[in-house]
Structure formats: structure tokens, C-alpha cells
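Reminder, nothing fancy here: chain letters follow the sequence lines and each chain counts from 1.
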Protein chains: 2
Amino acid sequence: MAEKRQVARTSAGRGQPPVTIYDVARLSGVSPSTVSRALNMPGRLSATTEKRIREVAEAVGYRLNPMARALPTGRTHTVGLLLAEMTNPVYLDLVRSVGRAATSRGYNLILAESVESGDPENETAQRLLNSVDGLILASTGLNNAQICTLAERKPLFVVNRKVRGVPGVVPDLVPGIRAALDHLGELGHRSLAYLAGPPTSWMSRHRASVLESEAGARGMTVSKVKRPVQGPGAGAAALREIEATGASAALVFNGLMATDLLGACQGAGVGVPSELSLVAFEDIFGAAFTSPPLTVIRTPLGSLGHEAARRLVAVLENEVDADATPLSTEFVLRGSTAPPRS
Amino acid sequence: MAEKRQVARTSAGRGQPPVTIYDVARLSGVSPSTVSRALNMPGRLSATTEKRIREVAEAVGYRLNPMARALPTGRTHTVGLLLAEMTNPVYLDLVRSVGRAATSRGYNLILAESVESGDPENETAQRLLNSVDGLILASTGLNNAQICTLAERKPLFVVNRKVRGVPGVVPDLVPGIRAALDHLGELGHRSLAYLAGPPTSWMSRHRASVLESEAGARGMTVSKVKRPVQGPGAGAAALREIEATGASAALVFNGLMATDLLGACQGAGVGVPSELSLVAFEDIFGAAFTSPPLTVIRTPLGSLGHEAARRLVAVLENEVDADATPLSTEFVLRGSTAPPRS
DNA sequence: GCAGGGGTGGAAACCGGTTGCCACTTCTTG
DNA sequence: CAAGAAGTGGCAACCGGTTTCCACCCCTGC
């Protein structure tokens with residue numbers, strides 16, 4: 001007789017227990033299945049009962065339990081965004097745009113940062129993967145094989161990296177790099193240096209390769225400078241390496257390293273742009289305020305995130321494959337370039 | 001006989017269906033409940049069966065289905081972070097620290113931004129609330145009543161705002177403001193202006209009030225300047241308002257507005273700090289690179305987020321109420337202040 | 001007058017875990 | 001040596017929805 005609840009609700013949520021479709025069903029004199037249909041199969045029921053049930057649901061403040069829905073359908077209406085590390089302020093844009101694109105289609109965003117590298121990141125990805133319907137990977141340290149394995153389990157998009165067999169969103173580097181090299185060429189630079197990013201970064205290698213081919217086409221040379229170990233003194237170390245190449249202009253993997261390098265230049269009395277021209281990849285907030293303001297090749301990370309999320313949701317909703325909109329880099333001329341020192 | 005699956009799995013996830021505890025149970029010759037106990041009630045079973053089950057689970061690659069667990073327990077192991085708008089780069093710190101604190105305790109982070117204001121934000125909050133175990137509100141446009149209503153449903157923490165009856169995390173403004181005013185006082189400033197933030201911002205009002213009382217104690221006056229409508233020209237408008245007050249130094253609600261104002265000063269030929277001293281609340285990335293570099297009162301948003309998440313999880317885990325660690329603002333002297341013009 | 005078809009709504013299985021209760025052993029202990 | 005306690009593990013209910021059948025009703029059309 002006595003209905004004893006076997007499973008105790010957690011005491012975390014104070015207040016009365018949430019109202020379920022069973023409550024709504026009882027109150028409107030129909031069966032639970034009918035309530036379910038009224039709420040998400042418009043037209044399946046007679047207009048009058050549908051309306052009545054809707055009103056009752058509204059009146060008693062019914063709210064769907066996403067977990068309960070997820071169990072039978074297997075769909076959580078959630079997308080995951082995995083970042084290896086997001087110290088770089090540009091990621092704010094990425095996170096925002098992915099979040100907005102997701103919520104605009106009724107999806108929630110689960111954000112995960114795997115500060116650790118290697119296996120832990122894979123572990124994080126695996127865990128994340130069974131809480132979400134689809135995953136977006138950005139700035140990942142995972143290798144291609146790991147990414148492919150993940151992609152077999154759930155729809156997945158990679159941002160800023162190309163992995164064979166896995167859909168990805170990558171901007172076209174050529175326009176930005178061409179404009180930058182044209183500009184540097186007109187100023188008279190012939191010998192350039194590229195300060196690379198982390199060795200695991202596909203994008204860093206990609207930039208180096210585009211840089212090299214475009215520079216070659218213009219009769220310029222590019223020396224690749226490995227990124228020094230990060231931390232205090234990294235900027236100064238990078239500066240020494242760059243000077244050792246004899247380059248008159250440097251292209252820097254990202255805005256953070258560029259501001260760091262700029263600081264090192266000031267500390268070492270190296271004039272920018274009088275003695276060394278600087279062009280940074282990525283237009284971080286603040287790049288316009290440095291002195292001199294940084295000339296950059298802007299990567300549209302916001303658009304990349306939006307695009308990735310948009311296409312991911314399209315896949316999740318079984319829509320005809322959303323055609324990829326092409327995304328491009330853009331050269332933004334500010335003040336950190338000048339003709340080489342005679 | 002024929003076991004027909006009534007509920008079709010979505011086709012989204014390719015590959016074989018995930019392995020469940022039923023599979024593990026069958027493979028190790030025990031009942032599903034025993035598997036459940038083996039996996040999350042260490043010691044409840046005999047050591048040998050527990051070990052055997054664990055090995056089988058590991059071997060077949062069993063992964064818990066979080067949704068299935070959430071249904072009976074009511075716990076999703078997820079915390080929500082709701083931001084009204086996160087155009088401000090300082091929020092990256094907040095998001096990261098909340099995310100880290102959450103994942104370090106085994107919780108996922110669901111991030112939501114409600115760009116709209118008013119009711120839509122409340123709607124977002126309500127929806128978010130039944131996907132998570134607890135919620136953190138930052139920079140919210142919600143009113144106190146709405147926040148209290150939310151707090152009745154699930155554990156909730158507010159960041160950078162005080163709401164009666166709802167736990168919150170707010171830094172102590174006094175140290176930062178005292179140091180700033182002492183500094184300005186020594187330089188000889190007597191008449192200050194406070195460029196306020198959005199009228200809905202509790203923190204803006206709080207800063208104004210602390211500013212006023214501390215200034216009064218030093219024989220200084222503070223004129224409150226309302227924030228002009230944002231957009232191009234906002235900085236110039238703010239500058240005119242500030243000049244109209246006759247103040248020789250201005251304190252600005254946040255770093256974004258401060259860099260904007262700084263740009264307007266440069267545009268209008270107003271020397272900073274020679275003609276107008278500037279102090280910004282919030283130490284945004286880039287504030288150190290402006291010219292002159294911005295002197296700021298730093299708000300430890302990262303620590304605030306960490307603290308909020310830490311205490312929230314403590315509540316969710318029914319731990320003895322974690323004692324709040326006091327958080328304080330800090331004055332960072334850079335280059336945007338000088339003695340008043342004669 | 002009756003077969004057939006569309007419109008409505010209910011019963012019940014199921015998703016994959018968790019947990020209260022109980023039965024059966026095995027070990028203490030008086 | 002009997003009684004009670006502790007240790008093990010199975011049964012089955014339950015969380016809150018979704019979805020497949022199916023039954024029933026009413027309306028057509030021949």
C-alpha cells in the first residue's frame with residue numbers, strides 16, 4: 001500500500017520535487033504518453049486536448065527533465081568543446097561563438113580544458129564524449145589516431161587542424177600571408193624569421209609551410225626558429241635566436257608570444273619596427289594598444305568556432321550536410337613594421 | 001521471444017552500441033546490481049569478485065552512461081556557469097578557474113551566455129538549472145527576486161554581487177581602493193570622477209559607495225559619471241562628461257571602458273597622465289601594454305571563480321560548509337597617474 | 001448496412017543505471 | 001552446538017521520459 005520511494009532524492013535541491021509529465025497527466029486526465037505527445041508532437045493529438053495539456057503544463061510550471069529524455073533517445077542536446085589549454089585570450093572568442101551557435105539551436109555547451117597533455121587529454125575527451133552528442137576539438141594535443149578513434153564514437157569537428165577523415169574547420173592562410181609578405185616585400189625585407197609555436201601544433205607547421213612556399217615565390221627566405229621553453233625569459237631567448245638568423249622581420253606564431261617578444265625587444269634596446277619588423281598571427285585583444293601597435297594576420301577564431309558548431313549541429317539534426325562556408329585570414333596593418341635597417 | 005528493441009538508438013553515433021553494466025554482468029557471471037556495486041562501492045563485495053568485475057569492465061571498455069546514472073540519483077555531476085555577456089576578456093579567467101575547480105572534483109562545466117537581457121536570461125537560467133546540480137551566476141542582469149527563486153531550486157552561488165540569503169563571493173574592495181586613493185592623494189588629487197558601469201550592475205554601485213566613503217575620509221570628492229551608451233563615440237562622450245566635472249583623476253568601471261577612454265583622450269589631445277589621471281577597475285589583459293600602461297585596481301576574478309566553484313561543489317558533496325577564504329582587491333601601479341596639472 | 005480508413009489516446013516496454021530488501025553463507029560467540 | 005552477526009550477492013522497483021502497438025470511435029463510400 002504505502003508507496004515508499006526506494007530511491008531517495010538528494011537533499012541538495014530544497015523546495016518541492018519537480019513536476020513530471022505524470023503530474024501533468026493526472027491533472028489533465030490523460031495518460032503520460034499523451035502528455036509527451038502534446039508537448040513535442042504538435043498536431044498528433046486533437047487540438048483541444050493538446051491545448052488543454054499545454055495549459056496545465058504551463059500552469060503547474062512543468063519543465064522537461066533533460067536526463068530522463070536523454071536516456072531512451074540517446075540524445076543529450078549537448079555539444080562539448082575541448083581545449084587543451086586556454087590561457088590565450090583569443091579562445092574567449094572561440095568559446096563564445098561555439099556557445100552561441102549551440103544555444104541558438106537549443107544545445108548546451110559543455111566546456112572542458114585539459115591542462116594536462118597526452119594521455120590525460122585523451123581520457124578527458126573519452127569522458128566528455130559520453131556526456132555529449134558531439135564534440136569540437138580545438139588546440140588539441142591529441143594525435144591523429146586518437147582523434148580518429150574519438151570520431152568513430154560520436155560526430156566530431158576539429159578546429160584549426162586538418163585530420164584525414166575527420167571534418168574540420170580551417171581558415172585559408174594564403175590571403176593573410178600573401179598580403180603580409182607583399183607588404184614586407186614592398187618595405188624591402190628579404191630575409192624573414194618564423195617564430196614557431198609548440199611542436200605538437202599542426203597549425204604552426206601549416207603556417208610555416210605556407211609561409212615558406214609564398215616567400216619562395218617572392219624570392220624571400222624564411223628561417224624557422226623553434227619556440228623556446230615558455231616562462232620568464234622566453235621572449236629574450238626568442239629574440240636572440242631571431243637575431244642569430246639575421247632576419248630583418250619576424251613572423252610570430254601567436255599574439256601572446258608576440259607581445260612577449262615585443263617586451264624583450266624593448267628590454268634589449270632593439271627598436272621595433274626600426275631595427276626589427278614584427279608581424280603576429282592572431283589578433284589578440286590588446287594587440288592594438290601596444291607600442292607600436294602590432295601588425296597582425298588575423299585568424300577568425302570566432303567564425304571558426306561558429307562554423308564548427310553550426311555544422312556539428314547540422315549533423316546531429318540529420319540535416320543535409322551543411323555546406324562549409326570558406327573562412328579566410330586577413331592582414332591587419334598597424335605599426336610594427338618598417339623598412340629594414342638599411 | 002524475439003527481443004525487438006522498441007526504442008531505436010539514434011544513428012548519430014556510428015560504431016557498435018556502447019557496453020552497459022548488463023554486458024559486464026553477463027560476461028562476469030553476476031547480476032547488474034553487483035556490477036554497479038563493484039564499480040562504485042569499494043569494499044561492499046568480496047575482494048575477488050570486485051577485482052574480477054573490474055577487470056572485465058576494463059577489458060570490454062565499459063564506460064558509465066552519465067545520463068542513466070543521473071536519472072535515479074538526480075545528480076548530473078555538472079555545474080552551470082551563467083554569464084550575462086562575456087565580451088569582456090576578464091571573463092576568460094573566470095571561466096577557466098570555474099572549469100578547473102569543477103573538473104578537479106569530477107564535475108563538468110556547462111557554460112551559458114545570455115546575451116539577451118531581462119526575461120530571456122531568466123528563461124536561460126531556468127532551463128540551465130535542470131541540467132545541472134548547481135549554478136554559478138556571474139555578471140547577471142537578474143534581479144534579487146529572480147535570483148532567490150533560482151536559489152530555491154538548486155544550490156547557487158553569485159559572483160561579484162551580494163544578494164541577501166544567497167551565498168556569494170565578493171572581493172574586499174577596501175584595500176585596493178584605499179591604496180589607489182592614498183596614491184592619488186599623495187599626488188595631490190582632490191577632485192575625482194567615477195565613470196560608472198551599467199546601471200544594473202550591483203558591483204558598479206558597490207564600487208561607487210566604497211569610493212565615496214573612502215574618498216570622504218580623505219577629504220576628496222567623487223563625482224559619479226553615468227556610463228554613456230556603448231558604441232563608437234562612447235569614450236569621447238565619457239571624456240566630455242568627466243571633464244565637465246572638473247575632476248583631475250578618473251576611476252573607470254572596467255578595463256574595456258578604460259582603454260576606450262584612453263583612446264578618446266589621445267584623440268582629443270588630452271594628455272594622460274599629464275592632464276588627466278586614470279585608474280581602472282579590473283586588470284584586463286593588454287592593460288599593461290597601453291601607453292601609458294594603465295594603473296589598475298585588480299579584481300581577482302580567477303580566484304573568485306575558483307572559490308565559488310569550490311564552495312558550490314562542497315555543498316553538492318554535502319561536505320561541512322567550506323569556510324570562505326577572503327579575497328581582496330589589489331592596487332597595481334603603472335603609468336596612467338601623475339600629479340594634477342598645476 | 002458494412003468494410004475500411006483516418007484520427008485519438010492508452011498500455012506497456014524500454015533506456016541504463018541505483019538501491020532497499022532479502023536470502024543464503026560463513027564466521028563468531030555464549 | 002545453537003543462535004546471532006557479519007559478509008555476499010540477487011531481485012525488483014524506480015527515476016522520467018519516449019515510442020511501438022493496439023483499441024476504439026467516428027466518418028465515408030459503396
From CG of B/N130 across to C1' of D/dC15 the rounded distance in Å is 15 Å
Is the backbone of A/V30 close enough, under 3.5 Å, to the side chain of A/S28 for a donor and an acceptor to pair up by distance?
-> no
Check the distance between D/dT19's P and A/L45's CG and give it to me in whole angstrom.
-> 14 Å
On DNA chain C, nearest-nucleotide positions of B/N40 versus A/G43: which is more 5'?
-> A/G43
Calculate the interatomic distance between B/L71 atom CG and D/dC15 atom P; express it in whole Å.
-> 9 Å
Report the distance from atom CG of A/L64 to atom C1' of D/dG16, rounded to the nearest whole Å.
-> 9 Å
Are B/R161 and B/I147 side-chain neighbours, meaning at least one heavy-atom pair lies under 4.5 Å?
-> yes
Of all heavy-atom pairs between A/L129 and A/L150, which one has the smallest distance, and what is that distance?
-> CD2-O, 3.7 Å
Do A/R37 and C/dG10 have a side chain to base donor-acceptor pair shorter than 3.5 Å?
-> yes
Kindly indicate, with the supporting measurements, whether the criterion salt bridge (Lys or Arg N to Asp or Glu O under 4.0 Å) is fulfilled by A/E50 and A/R54.
-> CA-CA 6 Å; A/E50 182 177 325; A/R54 283 221 143 96; 2.6 Å; yes
Specify the residues of residues 48-63 of chain B, ordered by number, for which at least one heavy atom lies under 4.0 angstrom from an atom of DNA chain D.
-> B/T49
Give the minimum heavy-atom separation between A/Y107 and A/T78, together with the two atoms involved.
-> CD2-N, 3.5 Å
For B/S46 and D/dG9, is the shortest distance between a side-chain N/O and OP1 or OP2 below 4.0 Å?
-> yes
Is the base of D/dG9 touched by the side chain of B/R44 through a donor-acceptor pair closer than 3.5 angstrom?
-> yes
Taking DNA chain D as the partner, which of residues 20-34 of chain A come within under 4.0 angstrom of it by heavy atom?
-> A/T20, A/I21, A/Y22, A/S33
Kindly give the heavy-atom pair with the smallest separation between A/L94 and A/A138, and that separation in Å.
-> CD2-CB, 3.5 Å
From CG (A/L64) to CG (A/L39), nearest 0.5 Å | 8.0 Å
B/R75 CZ to D/dC15 C1': how many Å, rounded?
-> 15 Å
Give a yes/no on whether any side-chain N or O of A/S36 is located under 4.0 angstrom from OP1 or OP2 of D/dT18.
-> yes
Nearest heavy atoms of B/G80 and B/L109, plus distance in Å | C-CD1, 4.5 Å
Given the rule in the salt bridge (Lys or Arg N to Asp or Glu O under 4.0 Å) test, do B/E123 and B/R127 qualify, once you have shown the distances and angles that lead to the verdict?
-> CA-CA 6 Å; B/E123 199 45 48; B/R127 252 194 321 101; 5.6 Å; no
Report all interatomic pairs (protein N or O, nucleotide N or O of nucleotides 24-26 of chain C) with separations under 3.5 Å.
none

More than 12 foreign heavy atoms under 6.0 Å from CD of B/E58: is that the case here?
-> no
Rounded off to whole Å, could you give me the CE-to-P distance for the B/M67 and D/dC14 pair?
-> 24 Å
With salt bridge (Lys or Arg N to Asp or Glu O under 4.0 Å) as the test, would you mind laying out the steps for B/E307 and B/R310 before giving the verdict?
-> CA-CA 5 Å; B/E307 172 77 359; B/R310 188 182 66 80; 3.1 Å; yes
